[in-house]
Structure formats: structure tokens, C-alpha cells
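First up is the structure itself, then whatever we jot down about it.
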Amino acid sequence: MLQIAYIRENQEKVIQALAKRNLDVKELVATVVALDEKRRATQVELDNILAESNKLSKDIGELMKSGEKAKAEILKEKSTQFREKGKELNEVLNEVTETLTQELYKLPNTPAEIVPQGKTADDNVNIFEEGAIPVLHEGALPHWELIKKYDIIDFELGTKITAPGFPVYKGKGAKLQRALISYFLDKNTDAGYQEVQVPHLVNEASAYGTGQLPDKDGQMYHDAKDDLYLIPTAEVPVTNIYRDVILQESELPVLATGYTPCFRREAGSWGAHVRGLNRLHQFDKVEIVRIEHPEKSHEALDGMVEHVKGIMRELGLPFRILRLCGGDMGFASALTYDFEVFSTAQDRWLEISSVSNFETFQANRLKLRFKGKDGKTQLAHTLNGSSLALPRVLAGILENYQTPEGIVIPEVLRKYTGFDIIN
């Protein structure tokens, strides 16, 4: 959530920044500023009423002590009027504050200056590319055919048990999935991230805290009876560990990593681009989260990008990095880099990771602050990244490492799988 003081003092700057997302927020910003003015004016009036009421209470006490009961009774009547007025103002203040908060929730984060202008994924900027695209043998198959051939993932069984988009991993497919999770976690913890195991359901406050609500309400699975949400990413519970926390500057940075299943409705058409592992309702992902000093967060973002680069290199998969344009960035992000793996059998790039800096946007919702060496408290910066999302990494391995004899396992994973080929 953008800070109201910043919006109030930089209205035109906010409007221009969000225009990079192809949004016209003039009316919304004007509404927010007007509500804030009303809130502040109501607060001043309420404070004055409370001050007057407190003064009257003191005066009434003195009059009663001096035996001037008649004068005290007059002041008591006036005091009652003040209390009633104070009650009315408090109700108005609560209503205006709630309305203001709901309006603020509608404003996405302002993009960083280096975010390119653009409307769709076609306008993202390719900033890095590495790895030779393998030449596959004749008769090479896309991963949804390979998983049937080697009987390692069963989509029909998942549909029987649950619904489409909930696959069942079997045999070497299940072991490869577990190997990737263990490998990713080991790489992250070796880099200084503390592993945490977190709940897979979160409450409404947590979903609002990281910006999934209200923006992604329609994409989240919701248990209405207990008012809990299945997580779309480990980012939500891991970051919310620090909701309503004031850290010491000496505790920064905070680095955490966690593995969770992720649940997303992912509404959309069915076709080649969403077949197989390309788009699922339940999938596994290992996440990295950082809480940083504002002066160091963009340097930390660069470090996270380099960290994911290292993983891709060890997996031996051709990949590229895109700086997302304003129209393709997530609601809460100030700057995002997407990693994509090249799927040789599909002849297309598949997104496998997003690494983002949210600056103070999430921290403002979370009330996640730190106390500096000067004793002053300020909002921290939050960052997160997929390290990595498994389905499309697995698809890339299956397709790019296929041979006539079977699917060769990347060397870095063999100590985790216990086998070097799926055949």
C-alpha cells in the first residue's frame, strides 16, 4: 500500500508513475486525498473535543470540592454534550478511515524509474540470455507426451481425485520432483537463507498484508467456513512472519526460504500453451524472501537475480532474464525480473521465476518496520523470488534432456535422485 503522506505530497508524481502501468488514477488519487483531508480534519476536531471534555471534567471536580454544585451541574450537562459529540466524531473518523483504507488498496505500487514503458509481455526487455539451445533427436516429444511415455506424471488420475490441474507424480517423476525441492532448498540455505516451514493456509490479514487481497481475490481458493485462504505462494506466509514487527537495524537483512505447494485458480483457456505442466492449479515452489534496509534493497535484488542465475547454470538449462514493463508487473511490485527457460520441444520460452522488489509497499500494509541507529522507526523494504517454481523447470528438464534412450538427469541432481536417467 502506498503511504498516504507520500500520495498527499506527490500527487502528480504518483499519477505519472502509475501511468507507466497504463492506469489513469487521477480520480482515485483525488478521492484518496479528499478522504485523507476529511480524516485529518475530523481527527483535529475530535482531539479538540476530547481536550475540552477533559478540561470540563477537571473544572467540575474543582467546583464540587468548593461546594458550587449548581455551577458544576451546568458544566456536567455541557460535558455530556461534548461526550456525545465526541462519540459521533469517533464514528465518523472510523468510517472515513476504513473508506480511505479500501481506496488505498486499489492503488498498485509505483514502478521504479528503470521499469520500461509497455502494455503487455511483448514489451518486456530481454536483459540477459545464456545457454545453448539443444538440438533434439528426430521424434522428440513435448513433456506432456514424455510423462505418458515414461509413466511419471498422471493428469487423468489427478482429475479423478480432484479436478484438472492437480497432477499425480509417480515413481521417478515423484523422486525428481523431491530432488528439485531439496536441491533448491540446499542452494538457498548455502547462500544464507534460513529455511522455514510455514502453514499452507493464511488468514485474511496475511493475504492483505502481502497484497494478494483484494487484487487477486478471484485467483485464490477460499475456505468460507473458517475464512482462510490456500496460499498462492510461500511469499505470503513467510513474509507475514514479520507482520506488526519492529526489527533493529542490526537484524537486517532478514533472509528466509521455504518450500510449499501453491494453489491458484489460474482461470483461462485450454490449449497448447497451458497443456501439461505449463499451467496448474496446484504446484510446488521454493521461495526466497528478504527484508532489507531501504538503501540496500536494490543491491539485494541484483544479488537475488545472480543467485537464481547460478541455479539455472548448474541445471544446464538455456534461460533468459526479462525486466518487466509497467503493464506486465505484479500489483505490489516496484521492479520485477522474470526468468524464462527455453522449452526446446515446445519451441517457446516458459516463465520459471519472478524476482521482485516491493520497496515499502508490502511493509506499509504489514506494519513491518525497523529502528535505525538514530532511534527513528521507518518502513523496511521487502523482496521475494521463486527459487524456483517446479512445474516449468521440470518441463524444461524433461524436454531439453530427452534422448532416444530416455531422459538424462542433470548432473547436479543425481545425488538427490539416486538415478541418472528416466527410461
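These numbers come from a predicted model, not from an experiment. When a residue number appears, it is its place in the shown sequence, counting from 1.
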For Thr159, enumerate each residue passing the side-chain contact (heavy atoms from CB on, under 4.5 Å) test, keeping only those at least two apart in sequence or located in another chain.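 Partners of Thr159 under the side-chain contact (heavy atoms from CB on, under 4.5 Å) test: Pro164.
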
Does NZ or CZ of Lys172 lie under 6.0 Å from the centre of the six-membered ring of Tyr150, at an angle within 45° of the ring axis?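 Pair Lys172/Tyr150 does not count as cation-pi.
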
Measuring only between side-chain heavy atoms, which start at C-beta, is [X] closer than 4.5 Å to [Y]?
X      : Y      : result
Tyr6   : Val14  : yes
Ile397 : Leu413 : yes
Asn188 : Ile311 : yes
Leu93  : Leu89  : no
Asn278 : His143 : yes
Tyr229 : Phe263 : no
Phe283 : Leu390 : no
Leu350 : Phe342 : no

Going from [atom1] on [X] to [atom2] on [Y], what distance comes out if it is rounded to the nearest 0.5 angstrom?
X      : Y      : atom1 : atom2 : answer
Asn48  : Lys85  : CG    : NZ    : 12.0 Å
Ile147 : Leu141 : CD1   : CG    : 11.5 Å
Glu359 : Leu2   : CD    : CG    : 10.0 Å
Leu50  : Gln43  : CG    : CD    : 8.5 Å
Asp36  : Thr97  : CG    : OG1   : 9.0 Å
Arg265 : His281 : CZ    : NE2   : 9.5 Å

Report, as yes or no, whether the 6.0 Å neighbourhood of atom [atom1] on [X] holds more than 12 heavy atoms from other residues, nucleotides or ligands.
X      : atom1 : value
Glu295 : CD    : no
Glu9   : CD    : yes
Gln117 : CD    : yes
Lys38  : NZ    : no
Gln378 : CD    : yes
Glu251 : CD    : yes

Closest non-hydrogen atom pair, [X] against [Y]:
X      : Y      : answer
Ile352 : Leu388 : O-CD2, 4.0 Å
Ala345 : Leu136 : N-CD1, 4.0 Å
Leu366 : Thr239 : CD1-CG2, 3.6 Å
Leu315 : Tyr401 : O-OH, 2.6 Å
Pro294 : Leu379 : CG-O, 3.6 Å
Arg290 : Pro253 : NH2-CG, 4.2 Å

Between [X] and [Y], does any side-chain N to carboxylate O distance fall below 4.0 Å?
X      : Y      : value
Lys87  : Glu84  : no
Glu314 : Lys187 : yes
Lys106 : Glu103 : yes

Dump the intermediate steps for salt bridge (charged side-chain N to carboxylate O under 4.0 Å, His left out) on Glu306 and Lys309, then the final yes or no. CA-CA 5 Å; Glu306 290 301 315; Lys309 265 188 194 178; 3.0 Å; yes

For Val289, the option from Val238, Ile241, Leu255 that meets side chain to side chain contact (heavy atoms under 4.5 Å, CB included):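 In the set Val238, Ile241, Leu255, the residue that makes a side chain to side chain contact (heavy atoms under 4.5 Å, CB included) with Val289 is Val238.
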
Should the ring pair [X] and [Y] be called parallel, tilted or perpendicular, given that the plane angle runs from 0 to 90° and is split at 30 and 60?
X      : Y      : value
Tyr193 : His307 : tilted
Tyr208 : Tyr105 : tilted
Phe370 : His293 : tilted

Between Asp338 and the options Ser354, Ser353, Ser356, the side chain to side chain donor-acceptor pair (under 3.5 Å) test singles out Ser354

Partner of Gln16 under side chain to side chain donor-acceptor pair (under 3.5 Å), chosen from Glu12, Lys20, Lys13: Glu12

Are Glu235 and Gln362 close enough, and set up right, to give a side chain to side chain contact (heavy atoms under 4.5 Å, CB included), and what steps lead you there? CA-CA 11 Å; Glu235 167 203 345; Gln362 289 183 333; 2.7 Å; yes

